[in-house]
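Below is one structure, written out as structure tokens; the observations come after it.
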Amino acid sequence: MAVRYYAVAPGVRLNVRSGPSTNYPVIRVLPEGARVAIFCQRPGETVTGPYGTSKIWDNISQGEYVSDAYVNTGSDGYVASRCL
């Protein structure tokens, strides 16, 4: 399946975490205007952001997660397969 890239909310420097919750440490911060590839998605902590409230977390790289509430996927649901 082809990997799609999605825009992070405008004006946001997005924290990338090691797991699907704000309790996980920040690994790095994405710059404003970043686009991310979503490899899989999993449920986690509920977060409210520019694109609403979501419990979906997007896996953007091995061991790296961002809250879906900050990514413009055009959907309130899953747009990629569930992470194993």
| query | Roughly how far, to the nearest 0.5 Å, is OG1 of T22 from CG of N15? | reply |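 The CG atom of N15 sits 10.0 Å away from the OG1 atom of T22.
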| Just how far is it from atom CG of D68 to atom NZ of K55, taken to the nearest 0.5 Å? |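 Those atoms lie 11.0 Å apart.
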Minimum heavy-atom distance between [X] and [Y], given as atom pair plus value:
X: I60; Y: F39; answer: O-CE1, 3.1 Å
X: E45; Y: S21; answer: OE1-OG, 3.1 Å
X: G52; Y: A69; answer: O-CB, 3.3 Å
X: I38; Y: A80; answer: CG2-CB, 3.8 Å
X: V47; Y: Y70; answer: CG1-CE1, 3.9 Å

| Among V36, L30, V16, whose side chain to side chain contact (heavy atoms under 4.5 Å, CB included) with E64 holds? |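 It is V16; the other options fail the test.
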Note, [X] side chain near [Y] side chain (heavy atom, < 4.5 Å):
X: P43; Y: Y78; result: yes
X: Y51; Y: N72; result: yes
X: W57; Y: R17; result: yes

| said: Under 4.5 Å between side-chain heavy atoms, counting indirect links through other Ile/Leu/Val/Met/Phe/Trp/Tyr residues: same cluster for V71 and Y65 or not? | reply: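 V71 clusters together with Y65.
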| In terms of hydrophobic clusters joined by side-chain contacts under 4.5 Å, are V12 and V66 together? |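 Yes.
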| field | Test side-chain contact (heavy atoms from CB on, under 4.5 Å) applied to C40 - qualifying residues, sequence neighbours left out | value |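 In terms of side-chain contact (heavy atoms from CB on, under 4.5 Å), with neighbours along the sequence ignored, C40 is linked to N59, S81, C83.
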| task | Start with the C-alpha gap between Q41 and V79, add the side-chain angles, then the distance that decides, and say whether side chain to side chain contact (heavy atoms under 4.5 Å, CB included) holds. | result | CA-CA 8 Å; Q41 294 175 301; V79 297; 3.8 Å; yes
